[in-house]
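Single-structure report; data block below.
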Amino acid sequence: MSPPAPSIREQLRVWVAIGSQSVGGGSSTLYLMRQRLVDRGRWLTTAAFVQDWTISKLTPGMTIVALAALLGRRTDGLRGAAISVGGLLIPAGVITALMTGGYGLIRDQPLAQAALLGMGSVTIGMTIGVNSNLARTAVRPGRRGLIDVCLVAIAVVVGLLEPEAPIPVIVGSLVVGALLLRYDAPTSDADTVDRE
C-alpha cells in the first residue's frame with residue numbers, strides 16, 4: 001500500500017518554488033525537482049525519479065514539462081499532474097515575461113552583454129554536473145552497472161561525434177536494454193515512496 005499523497009497545498013508550494021527558482025534552464029529545474037521530491041520531500045524514490053526522467057527524454061517537445069507531469073501523476077494521479085505542470089509553468093512564465101521586458105531595456109549595454117557571456121559557461125557546467133549526478137544514481141551494481149556505464153559512454157561518444165542523432169541513440173539503447181536487461185526489470189518498489 002502506497003503512502004497518501006501530499007496535500008494540494010504542499011504540492012503547490014513545492015512546484016511553485018521549483019517554477020520560480022529554476023533559473024538556468026533544464027539542468028537547474030531537474031536539480032530542484034530531484035532535491036524537493038526525492039531528497040527533501042521523500043515523495044518518490046530515486047529509482048522512480050530516474051525512470052520518469054528517462055521516459056520524459058523519449059517525448060518530443062519540452063522534456064522538463066513532460067517530467068513534471070510524470071512526477072506529479074506518480075505523486076497524486078491526474079490532479080498531481082495538473083498541479084505540477086501549472087505550478088512549474090505559471091511562475092516561470094510570469095518571471096520570463098518580466099525579464100524579457102527588462103532585458104529589452106538594457107540589451108545594448110556592454111555590461112549586460114558581458115554578463116550573458118559568463119552565463120553560457122555556467123549553464124554548460126550546471127548541465128554537466130546535474131547529468132553526472134543523475135548518471136551516478138542511475139548506474140546499478142554488478143553486471144547491470146557495467147552495461148549502464150557502456151551505454152552512457154556510447155551515448156556520450158555519439159553525442160560528441162554526431163549531435164544531430166539522438167533518435168538512433170535512444171532507439172539503440174532501448175534495444176540493448178531490452179536484450180541485455182530484460183530479466184533485471186525493476187520491481188514495483190520503484191513506484192513507491194520511501195517514507196520511514
For the student: nearest non-hydrogen atoms of Ala69 and Ala81, plus distance: O-CB, 3.6 Å
Leu78 atom CG: more than 12 heavy-atom contacts under 6.0 Å: no
Rounded distance [0.5 Å steps], CG in Leu71 versus CG in Leu88: 10.5 Å
Stepwise side chain to side chain contact (heavy atoms under 4.5 Å, CB included) test for Lys57 and Leu67: CA-CA 8 Å; Lys57 298 301 270 182; Leu67 177 58; over 6 Å; no
Joint cluster assignment, Leu37 & Ile8, ILVMFWY side-chain distance < 4.5 Å: yes
Shared hydrophobic cluster, Val65 / Val16 (ILVMFWY, side-chain heavy atoms < 4.5 Å): no
Residue among Ile64, Thr29, Leu30 satisfying side chain to side chain contact (heavy atoms under 4.5 Å, CB included) with Ile18: Thr29
Min side-chain heavy-atom separation Trp15-Thr75 under 4.5 Å: no
Nearest atoms (heavy-atom pairs only) where Gln11 meets Pro6: NE2-O, 2.8 Å
Side chain Ser84, main chain Ala68, donor-acceptor under 3.5 Å: yes
Co-membership, hydrophobic cluster, residues Leu44 and Leu70, 4.5 Å side-chain: no
Trp53 side chain reached by Met33 side chain, heavy atoms, under 4.5 Å: no
Donor-acceptor under 3.5 Å (Gln35 side chain, Arg40 main chain): no
Gln113 versus Arg107, closest heavy-atom pair with distance: NE2-O, 3.2 Å
Ser20 OG to Ile90 CD1 distance, which is reported to the nearest 0.5 Å: 12.0 Å
Atom CG of Leu98 with >12 non-hydrogen neighbours under 6.0 angstrom: yes
ILVMFWY network linking Ile83 to Met62, side-chain heavy atoms under 4.5 angstrom: yes
Backbone N/O of Gly93 and side chain of Thr96: donor-acceptor pair under 3.5 Å: no
Flag if over 12 foreign heavy atoms under 6.0 Å of CD1, Ile106: yes
CZ/Arg73: more than 12 non-hydrogen atoms of other groups inside 6.0 Å: no
ILVMFWY network linking Tyr31 to Trp43, side-chain heavy atoms under 4.5 angstrom: yes
